[in-house]
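Here's the structure we're looking at; comments come further down.
This one's a predicted model, so the numbers in the text were calculated from it and none came from an experiment. Just so you know, these numbers use all the heavy atoms, side chains as well, and skip hydrogens, waters and symmetry mates.
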Amino acid sequence: MEAESEPYVRLASLRQLHQVMADMNTARSLADTLQTVANGVVTALGYEVACVNLVRPDGDLVVAALSGDPAAEALITGRVGSRDSWERRLSMGETWGDLVFIPHTEGWVLDDDDVPQWYTDGPAPRFEDEWHPSDRLFAPMYTPAAPGGNGACGELIGVLSVDRPRNGRRPGAWGREALQMYAFQAAIAISNARLRSNMQRALVRLEREQQALRASEESFRQAFEYAPSGMAIAEMGGDQHGRILRTNDALCRLLGRPASAMRRYSFSDLVHPEDIGTLLRTSAEGGRAELRLGRRDGTYVWVSLRNSVVADAADGPRFLLTHVEDIEDRKRRELQLAHRASHDSLTGLPNSAELRSRLSSRLCARPQSAHPAAVDAMDAQGHPAFDTRDHGFDFRSDGAERFGGAERFDAYDHHVHTVAPEDGVRDDGTKGLAVLFCDLDGFKSINDRFGHNAGDAVLIEVAHRLSRGVRDGDTVARLGGDEFVILADGLGRADAQDLAVRLRNEIIQPIRAEGRAVRVGASFGIGWAHCGMTADEVLKSADERMYVEKRSRPKQHRRAG
């Protein structure tokens, strides 16, 4: 439309402009009105990109709606620019009536301020009136002036930013007047939408609240909107239980989602799949949990989520008030510290302490009675096989313990006991927790001949090969030096021996270290963990079997080269 001179404005263009203005005034909510305003600039005024910057109650301007460029929308929607920076923009450049045009020759001084902005690429203009990619055009929106007022316009409620005219030229007289008129009508539509929204909220409050609660409701609203951390209100009970009704700016910024989009979700829609159980276990009344919520860009952020219940009135419906605090930095530090404490810094494998922890968690000690006369016998299933009824205890065969007429279920009896496969030449199908102790053959000579950097490269590659050679759920750990341990559950003896052969065959393949190919061999000892043993006893057993296996092979077969 901006290319048309005033005597030749097409009737279709006027109809299109009239239609978008009508759409602005019939939108159902403030959020819809803001988006309709941005869409109308693109569809009716001939610009490729339009942005609505709305003045917030604190005076700063937030990017409330954007149309024409999905990448720019994802980048800056919901971001805030200070009022001082916007006042600077509106006071410089050229004034075209109520419009402000800042040519690229002046606009470069604004590149580093705090106003959200995007950049477009394009060739430098060839003609004086061509649009430069760094040109800026703003249409301030003011509330209608009060009758009898001295000023020509009321208070600033927002700014329309437009970019990239479709004809590639700066708007002419008709285009400028059309944009100015559109901004005027948009200001009226936004003011009316605000009034409608405020009236609807006021009517709901008038219907539900008593006069005595109005002051506290306003205080709550202020605290909610301007809280430095995220806040949300969700429905409680009914078919829409958990649906988000309202969010503050802090939560929208944290998740990179506009308030209008947040109202389509509940927290169960936003939580990381691995944390859904944590969310469901969180009590509605006073519950607290640490979990991950999804951002608009597909990433997740760690938050502390705390719930409380508020009533809209004394006997009215109840709502869930959720406080969301960003704990991403703390959680990252905790995870890093936990990983460093439990993993080897060179190979990234679980270290000796983590290995013993995982192994110990599968083993149980033989139960001991507190009475000196108790006998610490075990039955075939690893349960207590002694009679302590004379001392006040009665261990029954179903695992229940009777004391003084009352029964309780001992946590020990819930343990799935770890047993070793039956001894014998043939594998009879019995499965167990295999512990493979691996010691590298010839590793010391590599360190002595080529240096510790080469030795480290060998250890890293061996760790990779061992990790690739086991199943998901198995543990590969570095015990120390050139010793590794594999925990593989559910294996028979033949399975464990096959696994050791496969891993040895992987390890003996040439390894590139410091620009040369080297080889190491590997000796494996297979031990079996079973309840009644300590982790150190299991590891010692596997270590001893490894040395037996190492001594049983000729020296020339221990090293691969």
Side-chain angles (χ1 to χ4, degrees), residues 342-352 354-356 358-359 421 427 431-529 538-539 541-561:
S342 61
H343 286 72
D344 176 48
S345 60
L346 177 64
T347 63
L349 296 178
N351 59 18
S352 175
E354 177 68 9
L355 170 67
R356 285 174 165 81
R358 295 187 186 184
L359 184 53
D427 183 0
K431 306 293 184 180
L433 176 58
V435 181
L436 283 68
F437 198 106
C438 172
D439 181 81
L440 301 184
D441 300 328
F443 176 74
K444 183 176 183 304
S445 65
I446 292 177
N447 265 339
D448 294 341
R449 293 172 59 191
F450 308 122
H452 289 284
N453 288 339
D456 289 347
V458 169
L459 293 175
I460 292 171
E461 179 59 23
V462 168
H464 289 166
R465 294 181 182 184
L466 289 173
S467 299
R468 290 196 305 264
V470 300
R471 306 163 303 173
D472 292 341
D474 291 345
T475 294
V476 178
R478 184 186 178 199
L479 193 60
D482 61 346
E483 295 178 336
F484 298 85
V485 173
I486 298 94
L487 304 182
D489 203 358
L491 296 186
R493 292 189 177 275
D495 299 328
Q497 292 166 358
D498 290 344
L499 176 60
V501 171
R502 285 192 287 105
L503 294 178
R504 181 185 296 114
N505 290 339
E506 285 290 328
I507 292 174
I508 64 176
Q509 301 302 317
I511 297 174
R512 297 294 300 180
E514 294 294 299
R516 57 175 58 86
V518 298
R519 289 176 180 266
V520 291
S523 297
F524 281 85
I526 303 174
W528 297 95
V538 175
L539 294 174
S541 173
D543 186 21
E544 291 173 349
R545 293 174 183 268
M546 181 274 298
Y547 276 107
V548 170
E549 193 270 346
K550 184 189 290 283
R551 288 192 296 268
S552 67
R553 290 187 294 126
K555 185 175 182 180
Q556 61 269 25
H557 295 303
R558 296 180 201 166
R559 295 177 53 187

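Residues Ser467 and Leu349 have side chains in contact (heavy-atom distance under 4.5 Å, counting atoms from C-beta outward). The shortest side-chain heavy-atom distance between Phe484 and Ile507 does not fall under the 4.5 Å cut-off. Val435 is not listed as a side-chain neighbour of Ile486, based on a closest heavy-atom distance of 4.5 Å or more. When side chains are defined from C-beta on, His464 counts as touching Ile460, because their heavy atoms get closer than 4.5 Å. When side chains are defined from C-beta on, Glu483 counts as touching Phe437, because their heavy atoms get closer than 4.5 Å. Taking 4.5 Å as the limit, every side-chain heavy atom of Leu355 sits out of range of all side-chain heavy atoms of Arg358. Side-chain atoms of Arg519 and Ile511, non-hydrogen and from C-beta on, never get closer than 4.5 Å to each other. Counting heavy atoms from C-beta on, the side chains of Val470 and Thr475 never come closer than 4.5 Å.
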What's the verdict on side chain to side chain contact (heavy atoms under 4.5 Å, CB included) for Val485 and Leu436, showing C-alpha distance, side-chain angles and the deciding distance?
CA-CA 6 Å; Val485 173; Leu436 283 68; over 6 Å; no
Given salt bridge (Lys or Arg N to Asp or Glu O under 4.0 Å), test Lys444 with Asp448 step by step and report yes or no.
CA-CA 6 Å; Lys444 183 176 183 304; Asp448 294 341; 2.9 Å; yes
Could you walk me through whether Asp439 and Lys550 pass the side chain to side chain contact (heavy atoms under 4.5 Å, CB included) check?
CA-CA 9 Å; Asp439 181 81; Lys550 184 189 290 283; 3.0 Å; yes
Side chain to side chain contact (heavy atoms under 4.5 Å, CB included), that's the test. Do Arg478 and Leu346 meet it? Break it down for me.
CA-CA 10 Å; Arg478 184 186 178 199; Leu346 177 64; 3.7 Å; yes
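Listed by chain and number, the residues in a side chain to side chain donor-acceptor pair (under 3.5 Å) with Ser541 amount to none (sequence neighbours excluded).
Checking Thr347 against Asp344 by side-chain atom types alone, a donor-acceptor pair falls below 3.5 Å. Side-chain atoms of Asp441 and Ser523 form a donor-acceptor pair, as typed in the model, at a separation below 3.5 Å.
Residue pairs that meet the salt bridge (Lys or Arg N to Asp or Glu O under 4.0 Å) test with at least one member in residues 504-518, sequence neighbours left out, are Arg504-Glu549.
Asn351 CG to Leu479 CG: the interatomic distance, rounded to the nearest 0.5 Å, is 9.5 Å.
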